[in-house]
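Below, each value reflects all heavy atoms present in this structure, side chains not excepted, and no hydrogens, waters or symmetry copies. Please read all numbers here as calculations on a predicted model, not as lab measurements. The sequence lines fix the lettering, A, B, ..., with proteins before strands; numbering per chain opens at 1.
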Amino acid sequence: MKMSDLFFQTLREVPADAEVASHQLLVRAGFIKQLGAGIYSVLPLSKRSLNKIENIMRDEINAIGGQELSMPVVNPAEVWKETNRYYEIGSEMGRFKDRKDADMVLAMTHEEVVADLVRKMIHSYKQLPKLVYHIQTKFRDDPRPRAGLIRVREFTMKDSYSLDLDEEGLDKQYKAHYQAYFNIFNRCDLPSAAVLSDVGMMGGSMAHEYMYLTPIGEDTLLICNDCGYMANRQIALFQQPEITEEPLGELEKVATPGAATIADLAEFLKIPESKTAKAVFMMGTFTEGTEDHEKLVFAVVRGDLELNETKLVNAVKAKELRPAQDDEIAAVGASPGYASPIGLKDVLVVVDELVAKSPNLVSGANEEGFHYLNVNYGRDFEASIVADITAAEKDFACINCGNALDEKRGVEIGNIFKLGTKYTEALGANFLDKNGKAQPVIMGSYGIGSGRLLACIAEEHHDEHGLIWPITIAPYQVHIVALKGGEEKAAEVYQQLEEAGLEVLLDDRSESPGVKFNDADLIGVPIRLTIGKRSLEKGEIELKLRRDADRSAVPVDEIISNVLAIKDTLLAEVHKKVVEVPFKAE
RNA sequence: CGGGGCGUAGCGCAGCCCGGCAGCGCACCGCGUUUGGGACGCGGGGGUCGGAGGUUCAAAUCCUCUCGCCCCGACCA
């Protein structure tokens, strides 16, 4: 491609609304343009890179038996109503009515459509297992898109769906994806780690998230540098601290004027925060049939620790939680700031395991300005549920080895779910087993967003001058900078390299050398050739790798073979990173 | 949904307090010079100042409403 023909534009200045490096550089280098919040056009340079990412995904999913198909973005709402997700999912789902006033949905994922295909097409155990996938547009009306392509509302995703007749088959396809995903990320030269994750609204029995560790990530991970335990903070487990046994004291009501927060209370009573119990009120949304209703959830955690909302959602099996308003708290007879489960009736009380075990805590008296001393679970109050609902934090003891946990940020670049029969049962997608008995097909679903992956690769591979693409992802493999006196030779080399099967970008614009070099650095093609009078006079062409500072001079008649060899070396370097990863499910 | 910030030429911004010709740099077009790390000279094009309403002789500027974008939080397959 000649740059004089390329549909692109580089920017000298950083766009005012871009904060993270990948966003700034993808915009400056002319890869993407924003249309609206979380909605981007993909320009020719990034389309080429995305095609490469998607071809790597095709390659790896085909290798584990995947068959590519394509399912519609616009879905009739019926199938979503059949699985109930039409009602369960909130405003994140794009909805509209067609001309006949029928409810329509913009697909955010394709379990429903796959299950519909299965019920129409799969009738016998002889047709299983199968693996289908597509690479296609998704729309999720995210409340807060951010960081360029990292989090958007419309995006392209590779999603595959495994179909099996038993758990064993699901396990096999799940593990095949587990490895295939590492292969994909490694071929993109992006370091990644798989962590166990919350199954969330997808349902099912097991899920892993693939994380790219980066400070700009929005997920928090807890990591044990000793044994390798790594988990999303949403579900991270930890060893509970030892409880010192002590004789149970007598329940005693004390005046604690103005001590409405744990910090004030601990200060007022001169006790550590760990000797208090904290009441956290959430309004939970529970779905019954197609109806939602809200109910107060009263969570009790130790005063010095934080509530983990995901653990709480899972413990009470709610659709979602939000903080309760003061009037909602008062409605059940509790007093905000001085609340405790003591004496409350008909309230869903969830007590953290640690609180249940800890003797003689201080807790509210449900009366403004008063607390109880020596509160003990079982004697003074009961719980509807006792569960681990505390958020793990840095320096907590690792669940496996007790080592202090480290905290890091990450971007979720892929996920795999063992779905089970949630969708196939809802849609009646059954097959007849060997005994002629109808069984629901067992599903798994597996996703990678290609745009987010591109952004993460950009985040990982850049410097202050611009992008530094891995050879497998770069929009072009070779960038020729044609300078004065080298135009003819540059055109000739360009043609020869293309004939040799290389992907070449030729800067034939009548710009000054500085502009051309800076644009080359910005765009980040891995191999750069500079062809100008200065080196041609010595019978040489200058060769530079984008990632290296030094340049080398190559005799003109060796340039084609030299560039081919370097391309092969760069490819081999990336492919060497594709290795077997042991499956970890804990 | 809560908190904060910003909307003026393609991009980056000044002007707004204190109302009075809509500006600067880059980019773009023409001519000439220049050509190994974001060249120079001369000439030029491009704006309903996000939108609506109000106050005023007069509004980019003051007031009200509204839309959009960014950041933090909530939320999130």
Spacing of A/D507 atom CG relative to B/rG38 atom C1', expressed in whole Å | 13 Å

Figure out the CD/C1' separation between A/Q34 and B/rC70, and round it to whole Å.
-> 9 Å

Any side-chain heavy atom of A/T156 sitting closer than 4.5 Å to one from A/E54?
-> yes

Sugar-phosphate only, base, or nothing, as touched by A/E209 at under 4.0 Å among non-hydrogen atoms = nothing

Checking all strands, does A/S535 fall into the base, sugar-phosphate, or nothing category for heavy-atom contacts under 4.0 angstrom?
-> base

With both distances under 3.5 Å as the test, what is the Watson-Crick or G-U wobble partner of B/rU48?
-> none

Checking only heavy atoms, does the side chain of A/E13 share a donor-acceptor pair with the base of B/rG25 at less than 3.5 Å?
-> yes

Expressed in angstrom and rounded to an integer, what is the separation of A/Y40 atom OH from B/rC69 atom P?
-> 10 Å

When all nucleic acid strands are considered with a 4.0 Å heavy-atom cut-off, which category describes A/A482: base, sugar-phosphate, or nothing?
-> nothing

According to the interplanar angle, ranging from 0 to 90°, do the rings of A/H134 and A/Y161 count as parallel (below 30°), tilted (30 to 60°) or perpendicular (above 60°)?
-> perpendicular

Give a yes/no answer on whether the side chain of A/R146 brings an N or O atom under 4.0 Å of OP1 or OP2 in B/rC71.
-> no

Using a 4.5 Å cut-off on heavy atoms from C-beta on, say whether the side chain of A/V132 contacts that of A/L117.
-> no

Does atom CD of A/E488 have more than 12 heavy-atom neighbours, drawn from other residues, nucleotides or ligands, at distances under 6.0 Å?
-> no

What interatomic distance, in whole Å, is found between P of B/rC69 and the corresponding atom of B/rU8?
-> 14 Å

Partner of B/rA9 by Watson-Crick or G-U wobble geometry, both contacts under 3.5 Å, or none?
-> none

What orientation do A/Y40 and A/H23 show, parallel under 30°, tilted 30 to 60°, or perpendicular over 60°?
-> perpendicular

In Watson-Crick or G-U wobble terms, both distances under 3.5 Å, what is the partner of B/rG43?
-> B/rC29

If you look at every strand shown and take non-hydrogen atoms under 4.0 Å, does A/D159 touch a base, only sugar-phosphate, or nothing?
-> nothing

B/rG37 base to A/R551 side chain: any donor-acceptor pair below 3.5 Å?
-> yes

Counting any heavy atom closer than 4.0 Å, what does A/V481 reach on the DNA or RNA strands: base, sugar-phosphate only, or nothing?
-> nothing

Is there a donor and acceptor pair closer than 3.5 Å between the side chain of A/R28 and the base of B/rG38?
-> yes

Distance in angstrom units between A/L149 CG and B/rC70 P, rounded | 12 Å

CD of A/E511 versus P of B/rC26: gap in Å, rounded?
-> 14 Å

Just call it for A/G485: base, sugar-phosphate, or nothing, with non-hydrogen atoms closer than 4.0 Å on any strand.
-> nothing

Using a heavy-atom cut-off of under 4.0 Å over every strand shown, decide if A/E19 touches base, sugar-phosphate, or nothing.
-> sugar-phosphate

Between A/M282 (CE) and B/rA74 (P), how many Å, whole number?
-> 10 Å

Look at A/R12 and B/rA27 and indicate whether a side-chain polar atom (N or O) is within less than 4.0 Å of OP1 or OP2.
-> yes

Side chains of A/Y181 and A/H208: do they bring a donor and an acceptor to under 3.5 Å?
-> no

Check the distance between B/rG38's C1' and A/I523's CD1 and give it to me in whole angstrom.
-> 14 Å

Touch class at under 4.0 angstrom, heavy-atom based, for A/G532 against every strand present = base

Nearest-Å distance, CZ (A/R144) to P (B/rA74)?
-> 9 Å

Inspect the contact between A/R409 and A/E218 and indicate whether a charged nitrogen and a carboxylate oxygen are less than 4.0 angstrom apart.
-> no

Give one of base, sugar-phosphate or nothing for A/N518, where a contact means two heavy atoms less than 4.0 Å apart.
-> base

For A/R452, answer base if it contacts any base atom (sugar-phosphate contacts may also be present), sugar-phosphate if it contacts only those atoms, and nothing otherwise; contact means non-hydrogen atoms under 4.0 Å.
-> nothing

